[in-house]
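Below: the structure, in structure tokens.
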Amino acid sequence: MNERQPEELSPSLRQPEMPVTRWGDPAHAAPLPDGVRDLVGLVFSLGDTPAKADVAVPAPALAADLLDGLRAVVGADNVVLDDTARRQRTRGKSTPDLLRQRSGDLSDAPDVVVRPGDHDDVQAVLDYAAEHRIAVVPFGGGTSVTGGLIADRDGFAGVLSLDLGRMRSLLSLDPISATATLGPGLRGPEAEALLGEHGLMLGHLPQSFEFATIGGFAATRSSGQASAGYGRFDSMVVGLRAATPKGEVRLGGTSPSNACGPDLRELFLGSEGAFGVITEVTVRVRPVPEVKQYEGWQWPSFEAGADAMRTLAQGDLLPTVLRLSDENETAINLARPDAIGGEGAGGCLMIVGYEGTPSATAAKKAAVTEVLTGLGGTPLGAEPGTAWAAGRFNAPYLRDSLLDVGVLVETLETVTFWSNRERLYGAVKSALEGALGEGTMVLCHVSHVYATGCSLYFTVASAGGEQPLERWLVAKKAANDAIVASGASITHHHAVGTDHRDWLAPEIGDLGVDVLRAVKRELDPTGILNPGVLIP
Ligand SMILES: Cc1cc2nc3c(=O)[nH]c(=O)nc-3n(C[C@H](O)[C@H](O)[C@H](O)COP(=O)(O)OP(=O)(O)OC[C@H]3O[C@@H](n4cnc5c(N)ncnc54)[C@H](O)[C@@H]3O)c2cc1C
């Protein structure tokens, strides 16, 4: 097919580059809304902590002859050394990343940004990097929140950020099988626009949707806000192509499923750039829904709402969107960032969304409504659901505004079986409150559900004090330890990166770690790919 790039549809689809110290489109940055300022002012002493402006990135460490070699591989225009490009590819967008960058610490900046145009370019860059011991950090949208873009540079000639932003095409479409092959650098809205031209969509909507990429979703096993209906991203992947220092890998290209031994696609899904660079992703697609309806339900307690979710999941009755805020999150309206500080609904707010054809959504809604009503839920109508959908991508901007006034805000997530949900919830909450002290707000929602369990997504706000980064690192360690001690998983969808690496062995065992190391040795014998990320 004629490979289309998103800008052929509309140049405005491409969001601007994010500033290194903040999330998102700089034009959307705003001071703290009055309601939130009043609310947090009651709890924390508000200060003013502006980011240091225009901090210089360290001088590139790569020798001139190596830079010339890279220019020969991908063309001089695609070997970028300027400060802005290197600054924008320094780390990701976790609160620790932002705090480090706000304090002027750009020590993890790559030495050079290289922009391959296709799979062969990626392969050639990897071959060159392996030969000259240059560390390679695949860079999609740069939205990692687990330190997935921080390479250990010890023993390498330098660090190269491999920016996949030029690889943004719909490469092929099979409407009969309902599959599409996408370039790894397509951001969420760009992929949806290209598919939308054919009346199709993916339906993967993480909160980072506007900036994160197809390759990044696959490399981190991301999960979106409509996962109840459409599944997590790894479940949408039919096949993929990757470049590794040992050559090309093509997986899943022949069939929807098979019995050819272990499914090697799984080795690349969640591999966070440590095994290879994903250069094409074939995904399952579906028709653009004719109807989208979101609504709110109120529950007397978190437990009652969670039990209702479990009943839906185990009864094969999941709507497209299903999430449940705990009492604290409901009280401050976090599910509706534009209304924070306003009067909360009380109890626990559940958002339920239906997408599809008119008849399918009507049937699902009738069945879900009967179950939820029978279990004691109170319908709140469309307004809370519509407000949630309208503000679904706004919370990260609010984090920046809170950091601006000295409030420490961060999120973390985990997942467990239903029978362990309550224990996990209590353990993580106590760990965070214990580490951060009085006045800390810990909010939580059930973000993704399965027949057998659910993920819990925590938002934490506390006084930043003199050393907000150090305060957070202590709290995060306490939360990670509590998660592992509770028998839950260290991550449901944010991935391992460098931040969760030390908690991976307890989860997969020492032999599991050895298996990962063996795969790495086979595919990346010189260890140039994302050194230090994922593998303990
Ligand atoms: C505000 C905010 C909200 C978020 N919300 C969600 C959410 O709702 N759900 C969710 O799942 N995640 C969420 N995240 C986390 C993040 O967006 C996801 O991990 C996302 O999948 C990363 O995609 P990316 O393109 O930005 O990847 P990057 O951040 O660029 O990279 C992530 C990791 O994958 C590697 N990588 C990237 N592209 C490739 C490739 N083509 N081949 C091999 N390796 C590659 C990188 O080297 C890195 O280790 C959120 C993050 C932020 C900052």
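In each ligand, atom 1 is the first atom listed, and ligand 1 is the first ligand listed.
The salt bridge (charged side-chain N to carboxylate O under 4.0 Å, His left out) with Asp108 is formed by just one residue from the set Arg91, Arg89, Arg153, Arg100; it is Arg91. The ring-ring contact (aromatic ring centres under 6.0 Å, His included) with Phe217 is formed by just one residue from the set Phe211, Phe209, Phe233; it is Phe233.
Judged by distance alone, the side chains of Thr459 and Glu329 never bring a donor and an acceptor atom under 3.5 Å apart. Counting only N and O atoms by type, the side chains of Asp25 and Tyr397 include no donor and acceptor under 3.5 Å apart.
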Review point. Yes or no on salt bridge (charged side-chain N to carboxylate O under 4.0 Å, His left out) for Lys520 and Glu522, after CA distance, side-chain angles and deciding distance?
Key: CA-CA 5 Å; Lys520 171 108 177 146; Glu522 182 57 37; over 6 Å; no
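Taking 4.5 Å as the limit, some side-chain heavy atom of Ser208 sits within range of a side-chain heavy atom of Trp23.
Listed by chain and number, residues touching ligand 1 at under 4.0 Å (heavy atoms only) are Trp23, Lys93, Pro138, Phe139, Gly140, Gly141, Gly142, Thr143, Ser144, Val145, Gly148, Leu149, Leu164, Pro184, Pro206, Gln207, Ser208, Ala212, Thr213, Gly215, Gly216, Phe217, Ala219, Thr220, Ser222, Ser223, Glu272, Gly273, Gly276, Val277, Ile278, Pro396, His493, His494, Asn530.
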